[in-house]
2 protein chains.
Amino acid sequence: MLTNERHEFILNLLEQKQTIKIQDIVDLTEASESTIRRDLTVLENRNQLERVFGGAVLPGRNLSEPTIKDKSARNLEEKDSIAKLAASLVQDGDSVYLDAGTTTFQMIRYLRDKNIVAVTNGLTLVEELNEHGITVYLTGGLLKPRTGAFIGAQTIQSLKNYRFDVCFLGVNGFHPEMGYTTPDPEEAAVKRLASSLASESYVLADHSKADKISFAKIMELGDAVLITDSISTELRETLEKKTTVKVGTR
Amino acid sequence: MLTNERHEFILNLLEQKQTIKIQDIVDLTEASESTIRRDLTVLENRNQLERVFGGAVLPGRNLSEPTIKDKSARNLEEKDSIAKLAASLVQDGDSVYLDAGTTTFQMIRYLRDKNIVAVTNGLTLVEELNEHGITVYLTGGLLKPRTGAFIGAQTIQSLKNYRFDVCFLGVNGFHPEMGYTTPDPEEAAVKRLASSLASESYVLADHSKADKISFAKIMELGDAVLITDSISTELRETLEKKTTVKVGTR
DNA sequence: TGCTTATGAATGATTATGATTGATTTTGGA
DNA sequence: TCCAAAATCAATCATAATCATTCATAAGCA
């Protein structure tokens, strides 16, 4: 069976059953598990399905996905040290852009006593900033379900009305050659623009993002200062050839 | 059964029965008690249900936010009848503007199965729309603390990018001569603009708003259809000389 | 031939699961 | 009210399933 055929087959099956298990596909196609996994990866990158542990579901119809109110956070301690360091870079009177994301969210509690104006495209961040008494503007635009990030043309247009002293971005991967990347091209566009509107740009990414490459490129490594936590000395040296690296400590 | 499937299964079951016992889920899913417990924990962390001793219940939506709660607790039944009537005026395929406010908030649960695109300037409404799976755009702009409404130049500018089939506004007062009014001129400007961008405008206001006049004028009575609940026959006749009046029933 | 791409198998890591334990909460009777 | 039994709970552990990654081979193509 040709690769394309198999892809079609998987999508049809998924359409019928709404949910499929990897083992079922393996049995039906007589391809190896590895191959099916690869298939699912490319189909997921095309947004034609969403992978879940053990199989895949139709995109967007995954009702039991984490919602934006999800309290559980991974690598919380690491993220906190990064957030604390990042927040210390904010001066009184600054206009600050905070990207949607959990790490930037963590920053907010360290910003509470600063006299700043914040702009964000993150729904959860707006609330948190508001609760901490920080003046906040939201970009507006199309809300990307579940992640709570506003994206799209409207967001881009709104952003252009602002200039920032500092800008803090989250990413899904950073890599010496490929720079900063994230899965969604629309989000990447927003991040790229925000960075270009700021005097200083910082990328917040814990060590789990090191050497990772996602689908959509945001910008080169040198376009922002990287704030991270414990990474190997070797990697750090490689990175520092391209950009400034700051490391948070607990 | 995939983990994901089981989560959906539990949520569906809960939706139907309002209350579920862990043992029932165990019997139905043929997973172990431990697994189901774990499921419930993650679903609770996502605010998709609340655990109680022995099982789980639907999350108390209105119980969580004290500030919002106070407002929405008042005249809740009246507002609900208004919201229900208003929601029935929305057609599949419509683009809908929902003003920030508690009455418009109530509308959302009656919109859940409609295939619409929504635009709003209300922070709480964005979340609720999102949770009900409705595509939602937010205007963006400056967040007005406490009320959760976005206002200002940015909001105005964003709004101009849209056209609406229907538009639903909340007000603080309606009066035969003075029209619709609200305390904040900035909010009034947003409401006025939204209305002018819509083919059909509706104002949602329970009887406690009757004959009230606030500081900032939004527009004339005749510029929108008024949806309200029990008002005196006398008042209704006066109002109907100026505009269409619809009255919600419980 | 040389080059790229697709495949399958093997690996070690990660995640999900079920059973067990002892603690906590509820229930129902004295 | 109080107490004890029953039910439910969180925490832990070992096991099983699933995962990403790597490597070697096979297939397609100039």
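Note that the coordinates shown come from a computational prediction; the quantities given were computed from them, not determined experimentally. Labels below follow one simple rule: chain letters A, B, ... track the order of the sequence lines, proteins then strands, and each chain is numbered from 1.
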K.L.:
How many Å lie between CG on A/Asp24 and C1' on D/dA17, as a whole number?
P.N.:
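Whole-Å distance recorded here is 14 Å.
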
K.L.:
Taking the side chain of A/Ser32 as heavy atoms from C-beta outward, which of C/dA19, D/dT18, C/dA9 is closest to it?
P.N.:
C/dA9

K.L.:
What's the CD-C1' distance between A/Glu33 and D/dT18, to the nearest Å?
P.N.:
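These atoms are roughly 7 Å apart.
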
K.L.:
Using whole Å, report how far CZ of A/Arg6 lies from P of C/dA6.
P.N.:
10 Å

K.L.:
Quick one: sort the A/Tyr97 and A/Phe164 rings into parallel, tilted or perpendicular, breaks at 30° and 60°.
P.N.:
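Because their plane-to-plane angle lies in the 30° to 60° range, the rings of A/Tyr97 and A/Phe164 count as tilted.
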
K.L.:
Could you check whether A/Asp39 pairs with A/Arg6 (Lys NZ or Arg NE/NH1/NH2 to Asp/Glu carboxylate O, under 4.0 Å)?
P.N.:
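Salt bridge present between A/Asp39 and A/Arg6.
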
K.L.:
Rounded to the nearest Å, what distance is computed from the CG atom of residue B/Asp39 to the C1' atom of nucleotide C/dA16?
P.N.:
10 Å

K.L.:
For A/Glu5 and C/dT7, what is the distance between atoms CD and P respectively, to the nearest whole Å?
P.N.:
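The answer, rounded to whole Å, is 11 Å.
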
K.L.:
For D/dA20, does either OP1 or OP2 sit under 4.0 Å from a side-chain N or O belonging to A/Arg51?
P.N.:
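Answer yes for this pair, as a side-chain N or O of A/Arg51 is under 4.0 Å from OP1 or OP2.
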
K.L.:
Quick one: label A/Thr3 by what it contacts on the DNA or RNA (base, sugar-phosphate, nothing), any heavy atom closer than 4.0 Å.
P.N.:
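Sugar-phosphate contact only.
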
K.L.:
Taking only the side-chain nitrogens and oxygens of B/Arg38, find out if one of them lies under 4.0 Å from OP1 or OP2 of C/dT17.
P.N.:
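For B/Arg38, the contact criterion (side-chain N or O under 4.0 Å from OP1 or OP2 of C/dT17) is not met.
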
K.L.:
To the nearest Å, give me how far apart NZ (A/Lys21) and C1' (C/dT17) are.
P.N.:
14 Å

K.L.:
Roughly how many Å is it from CZ in B/Arg37 to P in D/dA10, rounded to a whole number?
P.N.:
6 Å

K.L.:
Looking at A/Val203, A/Ile218, A/Leu221, A/Val245, which one forms a side chain to side chain contact (heavy atoms under 4.5 Å, CB included) with A/Phe174?
P.N.:
A/Leu221

K.L.:
Is the phosphate of C/dG8 approached by A/Thr35 (side-chain N or O, under 4.0 Å from OP1 or OP2)?
P.N.:
yes

K.L.:
Can you name the nearest heavy-atom pair linking A/Thr120 to A/Ala100, along with the distance?
P.N.:
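It is OG1-N, 4.5 Å.
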
K.L.:
Could you work out which one of D/dC19, D/dT8, C/dA19 sits closest to the side chain of B/Gln23?
P.N.:
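Given the options D/dC19, D/dT8, C/dA19, the side chain of B/Gln23 is closest to D/dT8.
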
K.L.:
Indicate, with a heavy-atom threshold strictly under 4.0 Å, whether B/Val52 touches base, sugar-phosphate, or nothing.
P.N.:
sugar-phosphate

K.L.:
Measure the distance from CG on B/Leu2 to P on C/dT15 and round it to the nearest whole Å.
P.N.:
16 Å

K.L.:
Report the distance from atom CG of A/Leu129 to atom CG of A/Leu98, rounding to the nearest 0.5 Å.
P.N.:
6.0 Å

